[in-house]
Amino acid sequence: MHALPIRAVLAVAAATAFAACAPRTPVTAPSPASDPRNNLKAGLFDAAEYASNLKVVAKAVSPKGFLGETNSDLAFTGNYVIQGNYNGPVVWDISNPSAPTLVVAYECPASQNDVSVYKNLMFMSAEAMNGRVDCKPGGVKDVVSKERVRGVRIFDITNIREPKLVANVQTCRGSHTHTVLEDPKDKNNVYIYVSGSSGIRPAGELAECVAAPSGEANSSRLRIEIIKVPLANPAAAAVVGRANIFAGLGAATSHGASLADKAEMDAAKAKGAFTIMIPAMNEEVILPNQFVKPVIDSIVKARGATVATAADSAAARPVVNAFVTRMLAAQGMDKPAAVSTTVSEGSQCHDITVYPSLGLAGGACEGHGILLDISNPVAPVRLDAVADSNFAYWHSATFNNDGTKMLFSDEWGGGGSPKCRALDKPEWGANAIFNIVNKKLVFQSYYKIPTYQSKNENCVAHNGSLIPIPGRDVMVQSWYQGGISVFDWTDGARPKEIASFDRGPVDSTRMEMGGSWSVYWYNGNIVSSEIARGMDVAQLVPSEFISQNEIDAANTVKWDYLNAQGQPKISWPPSFALAKAYTDQLERKGCVAPAKIGDIRAQIATAEKSNGGARNAALAKLVMDVEGSRSCDPAKIDLLKKALQDLQALAM
């Protein structure tokens, strides 16, 4: 989730857009208008639900003091889920996925409090002004204070029930999100790429922060701050680099409001809503009640009345307009943005996903999607950058497992707005899929959930991760109150939804924040951080799109810990489920005769029932037999043969 200062103040649910390339037609379901997720009954804990090809096995409610505060990102270690929350991290034990138990809710207010882990360490982002170095509540009243933390907190979680704060690493633009990078060449340290979207801090609070033009060597603009964490002494963690991966990029442009936005603006104005034009954004927004009501109340009180009239509203309009105009002027947003041919000096990455085993990273950087070489972790190098006029805010990135494709998400509207309505274009607030060809990004298609959500549901593409279905690129992704969507993007030009879960809106009468902030697959479970409610745990069930064998093969993948933005290379241990999964995929493709598929399955079953030499002989024969089907799908046949040969090695 993101918010620029003026949006935080005005609660404006419109994001600045950056980009420029030819629009494409997205691939969606034939009829989103008839999707069963449309028009589900609202409710905080009693909303109607719809699930397709997965089952929800648990719904954990946030604990007291944390329920009602925003739940944010997730990290995993052992049997534990660490859930970020604006009041501090919440730890759940999912040893029994159908009955998560609360381990600890650790008070440490800030936002977004996104979390990640490495062995016995937990890291947490802090960017808001209320974060204190001692984790205590109450905030920091002074504008400039050494008591404030805006950066990355480091905790020792050797005893996960009692996290111990060991360091606060201060950064110049705070830490909206962060990414832990494990350098395969350096076993003594981990690195943290910090994505900070706040304004540059005053030198009185952090001396090294300099609001000079980005071209100056000591400038804090257009920089990704890089923290080095010595594993032997994490308290000594410090910023060791400030990389400018934006240099030379061009400016990006906005696609503006959608037809749905314009229709809602017209309807609001007809009902008397107060609006204002923000010149710097060239966008008209509806002012929230907190700006309007106090002024109207004071006018009503001044004339000795208790009920407001149309005349009171008319009298309040110039007063409210003048107040908000002064606010805009104070933030430099009272004039149209200057026409520029270069990237904005305020640009930053929202999320960086690293793929250490490939030495690559994907930066979702507001106006651009960026491919990085991270072979030197303290000096990332830009390999390519793309922009798209359909994208408002490049938010997050995901590689496919072999690193030949990358998916970027667009958080149009900042995560706090309804952007999945019938009149919203399906290529806005969606994913963009690219092939990686010779270290360049080549556009393939868009993917957006094939459903229409209401004007009371914040909905747009957000965080997700791969599901380790062998031989395929399958991902689960959060869409806020659009729920979670599982989709296949093996064919990058034709992504297709294959499973989903959604609830009705939090409130049927107005837009209230809720839905899935992030959802990740971890050791057989699909875990979703529900902003307003708590945490959901789901599991795939077999369908026409995913077989039980594919699910079983995926569930052989076990991780000791997971940070989705530190993408691990997925490998599958030898198993008969793996061989059966590849056989199912050959059958689904339809180019191997049914009788041959039946014969392959029979031979796998015979081998599985056998032991020692008999199993080895059965597998050796099968390796030879499947070669006859090579013309169907040579790559898949090779995967099946390798799965069988790996089983042979175990049988020897």
Side-chain angles (χ1 to χ4, degrees), residues 179 181-184 352-364 369-375 383-384 386 396-409 431-445 447 464-477 486-496 498 520-522 545-546 549-551 553-559 562-575 577-579 581-586 588-589 630 632-646:
T179 301
L181 169 58
E182 302 170 44
D183 180 9
I352 300 173
T353 294
V354 296
Y355 202 155
S357 66
L358 299 182
L360 296 175
I370 299 178
L371 180 65
L372 297 168
D373 179 337
I374 56 168
S375 53
L383 299 173
D384 195 23
V386 290
S396 51
T398 304
F399 290 91
N400 70 335
N401 193 50
D402 62 10
T404 59
K405 295 200 288 283
M406 190 185 296
L407 178 148
F408 291 100
S409 69
N431 299 319
I433 298 170
F434 293 81
N435 283 345
I436 301 175
V437 181
N438 296 323
K439 298 183 179 180
K440 299 295 180 183
L441 296 165
V442 181
F443 177 81
Q444 296 299 297
S445 70
Y447 172 78
S465 74
L466 297 183
I467 298 177
I469 304 293
R472 299 169 65 181
D473 298 327
V474 176
M475 182 170 171
V476 61
Q477 184 179 23
V486 179
F487 59 98
D488 186 320
W489 52 302
T490 308
D491 181 348
R494 296 173 181 81
K496 181 178 181 178
I498 57 179
Y520 306 125
W521 185 96
Y522 181 70
F545 304 114
I546 301 179
N549 291 320
E550 289 175 300
I551 295 171
N555 290 348
T556 65
V557 176
K558 301 296 182 185
W559 287 316
L562 175 68
N563 304 306
Q565 290 75 36
Q567 199 166 323
K569 179 76 172 178
I570 300 169
S571 59
W572 291 265
S575 71
L578 185 60
Y582 291 138
T583 305
D584 292 347
Q585 291 168 11
L586 287 169
R588 191 179 293 120
K589 190 166 185 178
R630 171 166 292 277
C632 168
D633 186 334
K636 194 73 68 181
I637 291 295
D638 286 342
L639 288 171
L640 175 55
K641 287 173 64 177
K642 184 178 187 307
L644 296 169
Q645 289 165 342
D646 288 345

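Environment of NZ in K641: crowded, with over 12 heavy atoms of neighbouring residues, nucleotides or ligands closer than 6.0 Å. Applying the 6.0 Å contact sphere to NZ of K558 captures more than 12 heavy atoms from other residues, nucleotides or ligands.
For Q585 and D633, the side-chain atoms include no donor-acceptor pair closer than 3.5 Å.
One finds the CG atom of L371 at 5.0 Å from the CG atom of L441 (value rounded to the nearest 0.5 Å). For the atom pair CG of N400 and CZ of R472, the computed distance is 14.0 Å after rounding to the nearest 0.5 Å. Separation of atoms OH (Y520) and CG (N563) is listed at 9.0 Å; rounding is to 0.5 Å. Once rounded to the nearest 0.5 Å, the distance linking CD1 of I546 with CD1 of I469 reads 4.5 Å. Between atom CG of residue L181 and atom CD1 of residue I374 there is a gap of 4.5 Å, rounded to the nearest 0.5 Å. Note: I498 CD1 to F487 CZ = 9.5 Å, rounded to the nearest 0.5 Å.
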Report task. Check the pair L578 / T556 against side chain to side chain contact (heavy atoms under 4.5 Å, CB included), numbers first and verdict last. Result -> CA-CA 9 Å; L578 185 60; T556 65; over 6 Å; no
Report task. Would you check, one step at a time, whether the test side chain to side chain contact (heavy atoms under 4.5 Å, CB included) holds for F399 with L360? Result -> CA-CA 9 Å; F399 290 91; L360 296 175; 3.9 Å; yes
Query raised in the report: Taking it one step at a time, do D646 and K642 satisfy salt bridge (charged side-chain N to carboxylate O under 4.0 Å, His left out)?
Result: CA-CA 6 Å; D646 288 345; K642 184 178 187 307; 2.9 Å; yes
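A side-chain donor-acceptor contact under 3.5 Å links T179 to the backbone of I352. For N431 (side chain) and L407 (main-chain N/O), no donor-acceptor pair under 3.5 Å exists by modelled atom type. Between the side chain of S409 and the backbone N or O of S396, at least one donor-acceptor pair lies under 3.5 Å. Remark: the backbone N or O of P356 is not paired with any side-chain donor or acceptor of K569 at under 3.5 angstrom. Judged by distance alone, with hydrogens and angles left aside, the side-chain atoms of K405 form no donor-acceptor pair with the main-chain N or O of I433 at under 3.5 Å.
Take I570 and apply the side-chain contact (heavy atoms from CB on, under 4.5 Å) test, not counting sequence neighbours, and it matches N401, L466, P468, V557, W559, W572.
In this structure, F408 and G363 approach most closely via the heavy-atom pair CE2-O, 3.5 Å. Residues T398 and G464 approach most closely at OG1-O, 4.1 Å, considering heavy atoms. Residues T353 and A397 share a closest heavy-atom pair of OG1-O, 2.6 Å. Summarising the geometry of L358 relative to G403, their closest heavy-atom pair is CD1-CA, 3.6 Å, with the distance given to 0.1 Å. Across all non-hydrogen atoms, the minimal contact from D491 to D488 is N-OD1, 4.5 Å. Shown here for Y582 and P470, the closest heavy-atom pair between the two residues is OH-CB, 3.6 Å.
Residues V476 and S465 have side chains in contact (heavy-atom distance under 4.5 Å, counting atoms from C-beta outward). The closest side-chain heavy-atom distance from W521 to N555 is below 4.5 Å. Residues T490 and D473 have side chains in contact (heavy-atom distance under 4.5 Å, counting atoms from C-beta outward). Residues D384 and K439 have side chains not in contact (no heavy-atom distance under 4.5 Å, counting atoms from C-beta outward). The shortest side-chain heavy-atom distance between K496 and F545 falls under the 4.5 Å cut-off. The closest side-chain heavy-atom distance from P568 to L562 is below 4.5 Å.
Look at D638 and R630 and you find a salt bridge, because one of the NZ, NE, NH1 or NH2 atoms lies within 4.0 Å of a carboxylate O, short of that distance.
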